[in-house]
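Structure, as structure tokens:
Fair warning: this is a prediction, and the values are worked out from it, not measured in the lab. In what follows, every chain begins at residue 1, and chains take the letters A, B, ... in the order their sequences are listed.
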There are 2 protein chains.
Amino acid sequence: MNQIRPSTRDAIIEAAFLVFAENPGAALGDVAARAGVGRATLHRHFPGRLELMRALAKIAMAELDHAVAQATADAQSYEEGFRLSLEAIVPLANRQWFLANEGLQVDDEVAKAYRKSRSELCRDIELAKQEGLFDPALPTQWIAETYESLIYAAWSMVRAGDATSNQAADLAWRTFSNGLKGMSK
Amino acid sequence: MNQIRPSTRDAIIEAAFLVFAENPGAALGDVAARAGVGRATLHRHFPGRLELMRALAKIAMAELDHAVAQATADAQSYEEGFRLSLEAIVPLANRQWFLANEGLQVDDEVAKAYRKSRSELCRDIELAKQEGLFDPALPTQWIAETYESLIYAAWSMVRAGDATSNQAADLAWRTFSNGLKGMSK
DNA sequence: GATTCATGAGACATATATGTCTCATTTGAT
DNA sequence: ATCAAATGAGACATATATGTCTCATGAATC
């Protein structure tokens with residue numbers, strides 16, 4: 001063994017997303033335990049809590065960006081784009097949650113990128129209004145808030161065992177598009 | 001001055017809701033500072049963090065119950081009931097949030113009451129389905145999750161200064177009812 | 001004006017989380 | 001099988017939050 005095992009690092013990261021989603025103030029020892037790893041090992045991979053949080057934020061951002069880009073690569077309309085994005089994000093809802101609630105506070109670069117992606121979301125929403133997907137009279141900010149909120153609602157359904165990711169994403173999409181519907185739909 | 005000033009206690013409680021909404025792990029010193037009160041004074045009113053959290057949970061529960069009961073006293077239908085409830089809850093969204101995210105973990109009695117009120121919500125949703133307010137094919141749990149999520153979405157709008165409580169509650173109501181609409185509406 | 005009591009400030013001890021270090025053990029590569 | 005490196009367990013010091021206490025101050029009651 002001549003290098004840090006990637007699997008150990010991955011286990012810590014996945015455990016951290018799970019534990020911090022339950023309790024953002026959880027101790028690093030809890031994260032290590034959940035990962036099935038010693039506390040010292042966690043510190044070898046991430047010097048401190050801040051560095052771990054930063055890494056999680058960057059990973060969350062990267063995974064979300066990649067998943068959405070992948071899913072919407074061949075979308076033919078904003079309607080399709082939003083639907084496919086929801087499907088892609090719901091399974092990563094814990095990333096989205098961590099990013100929005102913890103990530104922004106620990107890394108300026110991440111915060112900046114998040115603001116940018118939020119403004120792109122708003123731009124897409126306004127273009128989708130022109131496509132007739134949303135009621136143009138609704139505030140763009142409200143549509144964005146609804147979008148994010150329904151991701152969390154879908155996440156709750158999955159966690160509670162009341163739906164699969166796909167089922168929850170479908171419910172979110174139907175509620176989203178019907179709830180904010182424009183005239184042409 | 002021959003008794004603990006109620007205003008001090010109220011200031012601590014209000015500050016605690018504000019501070020814990022921003023950061024649930026905030027130190028009691030932060031709460032005291034926000035309340036414009038010494039840390040020792042906070043401990044005189046609430047022996048420890050747990051007791052403060054418990055008090056907040058009970059207060060949140062009581063305020064929400066009262067506000068909803070008041071608002072829906074003369075509702076003539078489930079449609080009206082849900083609309084008026086939303087209007088009543090949105091200004092208390094920080095209570096709702098605290099209750100759901102922190103309160104349940106610190107007080108069994110509160111947790112039990114919360115589960116009861118959740119099951120009453122689900123019962124109302126099913127009755128509202130019969131009234132034609134919601135699509136009967138939608139899972140009741142999804143409707144409940146959507147309801148709660150839109151409260152938080154509305155709260156975000158208010159915090160960001162993008163809407164008043166009434167405006168945000170109206171947006172939430174329209175999105176809620178349109179998004180989950182039944183046939184007869 | 002005298003009294004009473006909540007308050008504010010700060011000292012203090014304690015508990016918990018954090019971060020570092022050591023050393024024996026295990027694991028993967030050669 | 002041997003070696004190098006990562007790991008686990010635990011000791012240790014430190015930082016921060018917590019909870020208690022004391023004392024001086026200020027405000028309300030008499």
Side-chain angles (χ1 to χ4, degrees), chain A residues 1-60 98 101-108 110, chain B residues 1-60 98 101-108 110:
Chain A
M1 185 182 291
N2 49 8
Q3 68 176 6
I4 293 182
R5 284 188 308 178
S7 63
T8 297
R9 183 184 166 91
D10 289 347
I12 292 170
I13 290 168
E14 197 54 42
F17 277 123
L18 289 172
V19 169
F20 287 144
E22 292 170 12
N23 171 21
L28 297 185
D30 296 341
V31 174
R34 180 73 70 98
V37 149
R39 201 167 63 87
T41 298
L42 186 150
H43 279 286
R44 285 188 192 100
H45 287 265
F46 307 95
R49 170 181 272 270
L50 184 59
E51 289 81 2
L52 173 59
M53 300 288 268
R54 268 202 244 269
L56 293 174
K58 289 180 190 299
I59 289 164
F98 182 89
N101 291 279
E102 305 294 321
L104 299 186
Q105 297 170 13
V106 296
D107 192 297
D108 287 344
V110 166
Chain B
M1 183 181 293
N2 49 7
Q3 67 175 8
I4 293 182
R5 284 188 310 178
S7 63
T8 297
R9 182 185 166 89
D10 289 347
I12 293 170
I13 289 169
E14 197 54 41
F17 277 123
L18 289 173
V19 170
F20 287 144
E22 291 170 12
N23 171 20
L28 297 184
D30 296 342
V31 174
R34 180 74 71 95
V37 148
R39 201 167 63 87
T41 299
L42 187 151
H43 280 285
R44 285 186 192 101
H45 287 266
F46 307 95
R49 171 181 271 270
L50 184 59
E51 289 81 1
L52 173 59
M53 300 289 266
R54 267 202 245 270
L56 293 175
K58 289 180 191 299
I59 289 164
F98 182 89
N101 291 278
E102 305 294 320
L104 300 186
Q105 297 170 13
V106 296
D107 192 297
D108 287 345
V110 165

Enumerate the protein-to-nucleotides 13-16 of chain D contacts in which both atoms are nitrogen or oxygen and the separation is below 3.5 Å.
none

**OP:** State the CG-CD1 distance between Leu52(B) and Ile13(B), to the nearest 0.5 angstrom.
**Re:** 8.0 Å

Would you name the heavy atoms of [X] and [Y] that are closest together and state the gap between them?
X         : Y         : value
Leu42(B)  : Ile12(B)  : CA-CD1, 3.9 Å
Ala35(A)  : Ala11(A)  : CB-O, 3.6 Å
Met53(B)  : Phe20(B)  : SD-CE1, 3.7 Å
Phe98(A)  : Ala57(A)  : CE2-N, 3.7 Å
Val110(A) : Gly103(A) : CG1-O, 4.1 Å

Subject >> Rounded distance in Å - CG (Leu42(A)) to P (dT7(D)) >> reply: 11 Å

Subject >> Neighbours of DNA chain D within residues 13-20 of chain B, by heavy-atom distance under 4.0 Å >> reply: none

**OP:** Evaluate the criterion side chain to side chain contact (heavy atoms under 4.5 Å, CB included) for residue pair Val31(B) and Phe46(B); output intermediate values, then yes/no.
**Re:** CA-CA 12 Å; Val31(B) 174; Phe46(B) 307 95; over 6 Å; no

**OP:** Not counting sequence neighbours, which residues clear salt bridge (charged side-chain N to carboxylate O under 4.0 Å, His left out) with Asp30(A)? List them please.
**Re:** none

**OP:** Applying side chain to side chain contact (heavy atoms under 4.5 Å, CB included), run through Arg44(A) and Thr41(A) and close with a yes or a no.
**Re:** CA-CA 5 Å; Arg44(A) 285 188 192 100; Thr41(A) 298; 3.4 Å; yes

Original post:
For the helix from dG1(C)-dC30(D) to dT30(C)-dA1(D), how many degrees between its two end axes (five pairs per end), to the nearest 10°?
Top reply: 40°

Subject >> Verdict with reasoning, His43(B) to Leu28(B), per side chain to side chain contact (heavy atoms under 4.5 Å, CB included) >> reply: CA-CA 9 Å; His43(B) 280 285; Leu28(B) 297 184; 3.9 Å; yes

Subject >> Phosphate contact (dA6(C) OP1 or OP2) by Thr41(B) side-chain N/O below 4.0 Å >> reply: no

Original post:
For His45(B) and dA6(C), is the shortest distance between a side-chain N/O and OP1 or OP2 below 4.0 Å?
Top reply: no

**OP:** Scan for side-chain hydrogen bond (donor to acceptor under 3.5 Å, both in side chains) pairs involving residues 13-23 of chain A, sequence neighbours excluded, and state none if there are none.
**Re:** Glu14(A)-Arg95(A), Glu22(A)-Arg34(A)

Original post:
Does any N or O in the side chain of Gln105(A) come within less than 3.5 Å of the main-chain N or O of Glu102(A), such that one atom is a donor and the other an acceptor?
Top reply: no

Original post:
How does each nucleotide of nucleotides 17-22 of chain C score, in 5' to 3' order, for protein heavy atoms under 4.0 Å: base (B), sugar-phosphate only (S), or none (-)?
Top reply: SBBBBB

